[in-house]
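Naming: A, B, ... by sequence-line order, numbering from 1 per chain.
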2 protein chains.
Amino acid sequence: MKNPPTIKDVAKRANVSVATVSRVLHNLSGYSSATKDKILDAIEELGYQPNAIARGLVNKRTQTIGVLFPAVSGYFSSTLLHGIEEYAHSKGFSVIVCNTQDDGKRTMKYLQVLREKQVDGIIFASAEVKDEYDQAISEMRVPVVLVNTFSQKQIIPYVKIDDRLAAYQATSYLIQNGHREIAMISGTVGDRIAGSPRLEGYRQALEDHGIACVESRIAYGTFNMESGSQAMERLLEGGVSFTAVFAASDEMAIGAMGAAMKKGITIPEELSVIGFDDLELSRAVYPSLTTIHQPLAQMGRMACEKLIALIDDGEDVASSMVAHKLIERESVSPLHRPS
Amino acid sequence: MKNPPTIKDVAKRANVSVATVSRVLHNLSGYSSATKDKILDAIEELGYQPNAIARGLVNKRTQTIGVLFPAVSGYFSSTLLHGIEEYAHSKGFSVIVCNTQDDGKRTMKYLQVLREKQVDGIIFASAEVKDEYDQAISEMRVPVVLVNTFSQKQIIPYVKIDDRLAAYQATSYLIQNGHREIAMISGTVGDRIAGSPRLEGYRQALEDHGIACVESRIAYGTFNMESGSQAMERLLEGGVSFTAVFAASDEMAIGAMGAAMKKGITIPEELSVIGFDDLELSRAVYPSLTTIHQPLAQMGRMACEKLIALIDDGEDVASSMVAHKLIERESVSPLHRPS
DNA sequence: GCTTTTACAGTAAACGTTTACGTAAGAGCT
DNA sequence: AGCTCTTACGTAAACGTTTACTGTAAAAGC
């Protein structure tokens, strides 16, 4: 037989109707154990596998979710994805990945594709939820959960940490270690998710400790390593002094450390660095990076849990503000004041 | 209307048959421009979106491919995935990610799910192609392409570099720099993909240069950073001397460098390190890592190209052995012989 | 011995498309 | 006028499932 066997072929071979085959497939009731055996044999002999597409058509369920990332490569997204995929798979869902590149047109395109493909739900990660998306999302009647972001227009359940607070604590930690000239390598300017909140936390911490915030001590990157290196170079050439730097992502922190060390600056002796995310990376580099831990895999998992709960029972689920944690490693040292 | 509008709703509203609607949807011929306008209006007003599931059922095409990774998190896989997803999307395909965890049972399960979901093709990455998979793959009549791996049983097109040669060159490079006591941090023992070939390349290079290979200079990791650190620690405690080390992955190299530096060993002055992969990472760390470049994103893209060619025109496609390249950075220096 | 229940199974509609085929009207030609 | 050809549609089957509805015989209850 050329084409893959269908339930009809099974039915024919077992001398029963398709309805009966379907019943044993779902082990419902309504057949003798004798016919069950016949059917099972037929399935075995033909190597029959159900067609999920046909199934999806009738029950309007595809057991598939879509995940939108602004960037799929890198530790951050892939760890999140890992958590999501893991849980989804355990619950019998597949995940379609979409790499929006933080581009509006692409995002809208993906949203449309996901709609056409009849996904049962969507996880939207890390990127700002533009009005346009908000609207598209509410038009397609599909559950959505946000991770590492939130929506100001609609109430869409999210899973994230308190970025502002975490940044506040990171900066305060530096201050507690005696630093007063603290630079920041912020994320993309205007980014309302991991950009401005962390910057605000930094500013607030300085202010609360009576330290003036000088704008030339702030450099902007795009969260990745390369941009971290460049930001550090700009800071170094900027003529402002600083004894510590808070980077809004581990990747930028690593890039910044690399750039600083290349200039002969020793870390943490001459410059303390604190990162944000706690990627596996930060444990392995030397000096290992003191940073804010964000339980990414777990957050992905939680988002997926919420989504599937939404899909299955449709009840509303609550958002989760998950706990972050400051991890002390080697890249920060108390300021040795010239005495 | 509660349910999303279907093509029938559109047809009704435009006073035409579903066939005509379908025709304009695919802009085939067979309708006047007047009816076309009517239909377009109806589509607009109803906010109609085609249902790809129903479509998939009739044309036996889902415009979806599956990608199997042994591990989704980490730079390596995510870069590969990026290349794959990018190309797939540009050609109107969606990608389902599967995280096999290098586990046989899980892999088989995923293969089954992908079959049931009627994916049009499969990309199998990085993991060894066990006989079991080979068989499952040939049973489901779906194109498959391999990336970063190959099959010894069947001829399945692949995209990969010459691991053995690359390892040979990496080791030779160390030798050319005057090193003779060269350790290796190999990948998972028994791994026939990125494990033994690279180890063999290392051995061969030593042999060809008349250097005896001492087994205690070989440590085994699992390609990730943590295992690299541990391997380095074992090497250091092992009592053998070595002035250079070749790690079978950048992640292990970074981990190893971290562990060495933690012990006060300076790189590259006291110890040269060469990695493998050229992840973005290796450029950013300090000292930046000399390594073998593997064009991962491009390889993902190529694999996806091949797969879609296979899907669309069914012609056989050739495998590609892509070029690697040694990237000289800072982690290797010529051996300063005590003169 | 009668009705009622139960167990087992088949029939057919439905899900939302695509597409082969049919048909009617008009155009073009002889 | 009669013929064919084209254009512009409509009809209905098919894709592979699920499931509500029926049907029937045997078992159970009286």
Next item on the list: Give a yes or no on whether A/E44 atom CD has more than 12 heavy-atom contacts from other residues, nucleotides or ligands under 6.0 Å away.
Entry: no
Give each protein N/O atom lying under 3.5 Å from an N/O atom of nucleotides 13-17 of chain C, with the pair distance.
from	atom 1	to	atom 2	distance (Å)
C/dC15	O3'	A/K60	NZ	3.4
C/dG16	OP1	A/K60	NZ	2.9
C/dT17	OP1	B/Y48	OH	2.9
C/dT17	OP1	B/N51	N	3.1
C/dT17	OP2	B/I7	N	2.6
C/dT17	O5'	B/Y48	OH	3.2

Next item on the list: Could you tell me whether the phosphate oxygens of C/dG10, OP1 or OP2, come under 4.0 Å of any side-chain nitrogen or oxygen in A/T20?
Entry: yes
Checklist line | Residues B/R61, B/D312: salt bridge by 4.0 Å N-O rule | finding: yes
Note to self: Salt bridge or not between A/E86 and B/R106? Use side-chain N to carboxylate O under 4.0 Å.
What the structure shows: yes
Check: Relative to the 5' end of DNA chain D, which residue comes earlier, B/S17 or A/V21, by the nucleotide with the nearest heavy atom?
Finding: B/S17
Next item on the list: May I ask you to decide if B/V18's main-chain N or O and B/T20's side chain share a donor-acceptor pair within less than 3.5 Å?
Entry: no
Item checked: Euclidean distance, B/N99 CG relative to B/F69 CZ, rounded to 0.5 Å -> 9.5 Å
Next item on the list: Please answer whether the main-chain N or O of A/E315 pairs with a side-chain N or O of A/D313 as donor and acceptor at a distance below 3.5 Å.
Entry: no
Item checked: Any B/S29 side-chain nitrogen or oxygen under 4.0 Å from OP1 or OP2 of D/dA8 -> no
Item checked: D/dC9 OP1/OP2 closer than 4.0 Å to side-chain N/O of B/S32 -> yes
Next item on the list: Calculate the interatomic distance between B/R23 atom CZ and D/dC9 atom P; express it in whole Å.
Entry: 9 Å
Notebook entry, point to check: Within this structure, what is the CG-to-P distance between A/L28 and D/dT19, rounded to whole angstrom?
Noted result: 8 Å
Item checked: Whole-Å gap separating C1' (C/dG10) and NZ (A/K12) -> 15 Å
Check: B/I39 CD1 to D/dG10 C1': how many Å, rounded?
Finding: 12 Å
